[in-house]
Amino acid sequence: MENDILEKVFDGELHRLNEIKDEYIDPAFLERVTLPFVKKNLILPLRKRNDRLIAAIASHKSVFAVTELERLAGVQVVPVLADEGEILNAINRCFDRLSGSAKEVIEDLSEESLEAISTVWEEPKDLMDLTDEAPIIKLLNSLLFQAVKDRASDIHVEPYERVVEVRFRVDGILYPVITPPKVVQEALSSRVKILAGLDIAEKRLPQDGKIRLLVAGKDIDVRVSIIPTTYGERIVLRLLDRKGEIITLERLGLSPGHVKEMRALLSRNSGIILVTGPTGSGKTTTLYSAINSINSTKRNIITIEDPVEYQLKGIGQVHVNPKIGLTFANGLRSILRQDPDIIMIGEIRDRETAEIAIQASLTGHLVLSTLHTNDTASAVARLVDMGIEPYLVATSLSAVLAQRLVRVLCKRCKAEHPVTPEEARMFTAAPKALWKAPGCPKCFNTGYHGRTGIFEFLSIRPDTRQLVLKSQDADTIRKHAVSEGLNTMLEDGVEKALSGITSLEEVIRVAQDEGY
């Protein structure tokens with residue numbers, strides 16, 4: 001069937017390809033062109049017949065690119081139109097295979113290459129000389145490309161006594177990728193430092209930096225964290241897509257009722273809305289979604305963050321820098337002199353920041369922030385524990401949203417399965433079936449693809465304010481909220497498991513460990 005489609009192109013019957021399959025492409029012609037050439041001109045050589053070569057192009061105006069390809073390939077080119085995105089995806093797939101995966105790069109390293117690397121990297125003054133050598137650059141580039149392709153949020157390079165372990169975090173779970181030779185460790189560490197503008201000679205102190213890259217057509221910010229350990233420097237690279245789409249409130253996983261409540265709170269001119277949860281639970285994403293939903297030219301919105309993860313058009317974003325005295329508290333004082341309508345604080349970490357945030361909310365500003373607590377009721381108690389007077393908490397706090405992230409079942413391989421006796425104990429009236437996914441190539445045989453949130457939404461109503469005023473503990477506030485209809489995170493997760501969004505096993509892994 002693939003050959004039939006290409007025959008139609010050769011015979012002039014087909015002028016557009018809707019899909020560029022791997023079967024259409026002859027790798028021999030890829031070796032005659034460069035990646036910058038095909039990407040810049042959006043042209044991709046496919047297959048040849050009778051001294052004519054089919055090339056996918058994105059525009060009829062690509063006359064120069066076709067002429068240049070004819071020169072490089074040495075044959076007449078027959079152009080066929082294809083979608084720009086389809087051409088880019090095919091280019092990335094093909095050149096990824098040509099350059100080899102990180103595992104293949106490691107396997108290709110000869111003993112001579114390893115010896116050269118270890119020799120060059122013994123003396124700091126010679127480190128820059130390696131920037132022209134292929135192995136380390138090729139290895140790091142392969143890791144970055146593979147991480148983007150696999151949807152990894154983090155790359156972990158972990159040195160041990162005899163080996164170096166490289167792992168990717170995908171959908172919140174760490175997976176081993178490769179185990180490079182120990183001799184590569186210092187070269188890889190220094191290459192990262194060079195890219196991040198860090199001190200390559202300093203190996204005793206932690207260092208943080210940032211790299212901006214174009215990976216597989218995506219504009220990526222790489223946050224670099226390096227710390228010294230017993231067996232060498234441990235590196236964590238966090239990947240952030242600069243042009244990543246801000247998720248809407250509806251797509252976060254909030255129920256329609258909670259979305260309605262949240263929008264009502266966001267329409268107010270004052271009050272504090274807190275999002276709570278541990279590191280990596282999606283709090284910042286939720287804040288961005290909330291801010292983005294009310295962003296307009298009629299409102300002055302300013303944020304103070306550590307760090308600024310996504311650039312939002314029309315919003316003033318301040319990056320915290322404690323080294324020069326720009327803390328959350330100091331930055332917040334300055335922000336209040338900028339006549340803001342809405343303030344987003346990356347995190348309330350101390351009493352000083354909490355006091356300023358509360359004063360801002362009481363003087364006609366809507367304040368959004370995060371707090372590190374396990375559930376909604378604990379957030380109220382945490383503010384009081386910081387030294388904030390209960391009456392100020394009761395007066396200023398509008399709502400608390402606690403959340404965790406659960407993995408979403410792969411849509412391609414998920415299916416209903418009978419409920420086991422152990423699963424049935426989770427329900428008052430057990431369902432007949434639940435959803436599970438055995439795994440497939442699309443989800444890398446994990447059974448999951450992507451993540452969504454499970455939530456607990458506590459709106460501070462008059463009766464709850466009375467409990468806060470009386471300095472009641474978190475358990476009392478929580479029990480009262482549950483009696484008033486609070487849907488806990490575990491209950492929200494179970495509802496998502498019943499609807500086939502995630503698995504019950506995943507919900508239990510994430511929510512039950514927190515004591516729900």
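As a basis for the values below, the full set of heavy atoms in this structure was taken, side chains included, without hydrogen atoms, waters or symmetry mates. Fair warning: this is a prediction, and the values are worked out from it, not measured in the lab.
Residue Leu368 comes nearest to Ala290 through the heavy atom pair CD2-CB, 3.7 Å, listed as atom of the first residue, atom of the second, then distance. Of all heavy-atom pairs between Thr229 and Arg234, the closest is CG2-CB, 3.8 Å. Nearest heavy atoms, Pro340 versus Ile335: CD-O, 3.4 Å. Of all non-hydrogen atoms in Val75 and Asp51, the two that sit nearest each other are CB-O, 3.8 Å. Asp199 and Lys193 get closest at one heavy-atom pair: O-CD, 3.5 Å. Smallest separation of non-hydrogen atoms from Val259 and Leu254: CG2-CB, 3.7 Å.
With hydrogens and angles disregarded, no donor-acceptor distance shorter than 3.5 Å links the side chain of Asn41 to the backbone of Ile43. Although no hydrogens or angles enter the test, the distance criterion places a donor-acceptor pair under 3.5 Å between the side chain of Asp341 and the main chain of Asn300. Checked by atom type and distance alone, the side chain of Lys496 pairs as donor or acceptor with a backbone atom of Gly253 at under 3.5 Å. Looking at Glu165, its side chain never comes within 3.5 Å of a backbone N or O of Pro176 through a donor-acceptor pair. Using a distance-only test at 3.5 Å, with no hydrogens or angles considered, a donor-acceptor pair links the side chain of Ser289 to the main chain of Ile247. Under a 3.5 Å cut-off, the side chain of Lys414 and the backbone N or O of Gly500 do form a donor-acceptor pair. Here the side chain of Glu416 pairs no donor or acceptor atom with the backbone of Trp435 at under 3.5 angstrom. Asp492 places a side-chain N or O within 3.5 Å of a backbone atom of Phe455 that can act as its donor or acceptor partner. A donor-acceptor distance shorter than 3.5 angstrom exists from the side chain of Arg47 to the backbone of Glu23, with no hydrogens or angles considered.
Atom CG of residue Leu504 and atom CG of residue Leu498 lie 8.0 Å apart, to the nearest 0.5 angstrom. Here Met262 contributes atom CE and Leu266 contributes atom CG; the two are 6.0 Å apart, rounded to the nearest 0.5 Å. One distance of note links CG of Asp208 with OG of Ser225; it measures 5.0 Å at 0.5 Å rounding. Annotation: the span from Asp83 atom CG to Asn18 atom CG amounts to 9.0 Å, rounded to 0.5 Å. Distance check: Arg451 CZ to Leu405 CG gives 4.5 Å after rounding to the nearest 0.5 Å. We find the CD1-CD1 distance between Ile342 and Ile291 to be 5.5 Å, quoted to the nearest 0.5 Å.
Residues Glu233 and Lys203 are not paired through a salt bridge, judged by the lack of any N-O separation under 4.0 Å between the basic side chain and the carboxylate. In this structure, Asp221 pairs ionically with Lys210, as a charged nitrogen and a carboxylate oxygen lie closer than 4.0 Å. Ionic pairing of Asp171 and Arg407 is not present here: no N-O contact between side-chain nitrogen and carboxylate oxygen is shorter than 4.0 angstrom.
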Dump the intermediate steps for side chain to side chain contact (heavy atoms under 4.5 Å, CB included) on Val184 and Leu139, then the final yes or no.
CA-CA 10 Å; Val184 171; Leu139 173 59; 3.7 Å; yes

Tyr288 and Thr284: side chain to side chain contact (heavy atoms under 4.5 Å, CB included), yes or no, with the steps?
CA-CA 6 Å; Tyr288 277 127; Thr284 303; 3.3 Å; yes

Test side chain to side chain contact (heavy atoms under 4.5 Å, CB included) on Leu287 and Lys283; report intermediate values, then the result.
CA-CA 6 Å; Leu287 285 184; Lys283 300 187 298 297; 5.8 Å; no

Give the C-alpha distance, both sets of side-chain angles, the deciding distance and a yes or no for salt bridge (Lys or Arg N to Asp or Glu O under 4.0 Å) between Arg263 and Glu250.
CA-CA 11 Å; Arg263 289 194 183 281; Glu250 289 80 4; 2.9 Å; yes

Go through Leu72 and Phe29 one step at a time and tell me if the side chain to side chain contact (heavy atoms under 4.5 Å, CB included) criterion holds.
CA-CA 9 Å; Leu72 294 170; Phe29 286 100; over 6 Å; no

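Side-chain contact between Ile220 and Arg212 is absent, with no heavy-atom pair separated by less than 4.5 Å. Residues Leu81 and Leu17 are not in side-chain contact: their nearest non-hydrogen atoms beyond the backbone lie 4.5 Å or more apart. Using a 4.5 Å heavy-atom cutoff, the side chains of Pro180 and Val166 are in contact. Side-chain contact between Ser189 and Ile235 is present, with heavy atoms from C-beta onward closer than 4.5 Å. Side-chain contact check for Leu188 versus Val164: every heavy-atom pair is 4.5 Å or farther apart. Side-chain contact between Thr452 and Leu252 is absent, with no heavy-atom pair separated by less than 4.5 Å. Two residues are said to be in side-chain contact when any heavy atoms from C-beta on lie closer than 4.5 Å; Arg238 and Leu240 meet this criterion. At a threshold of 4.5 Å between non-hydrogen side-chain atoms, the residues Pro278 and Arg404 count as touching.
Residues Lys182 and Gln185 have side chains that bring a donor and an acceptor to within less than 3.5 angstrom of each other. Side chain to side chain, Ser503 and Tyr448 meet the donor-acceptor criterion of an N or O pair below 3.5 Å. Side chains of Glu347 and Ser369: a donor-acceptor N/O pair is absent below 3.5 angstrom, by distance only.
Summarising the local packing, CZ of Arg412 is surrounded by 12 or fewer heavy atoms from other residues, nucleotides or ligands at distances under 6.0 Å. Counting heavy-atom neighbours within 6.0 Å of Glu158 CD, excluding the residue itself, gives a total above 12.
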Report, one line per pair, each donor and acceptor closer than 3.5 Å where one atom sits in a side chain of residues 312-321; sequence neighbours left out.
unit_1: Gln317; atom_1: OE1; unit_2: Leu312; atom_2: N; d: 2.8
unit_1: Gln317; atom_1: NE2; unit_2: Glu305; atom_2: OE2; d: 3.1
unit_1: Gln317; atom_1: NE2; unit_2: Tyr310; atom_2: O; d: 2.8
unit_1: Asn321; atom_1: OD1; unit_2: Lys323; atom_2: N; d: 3.3

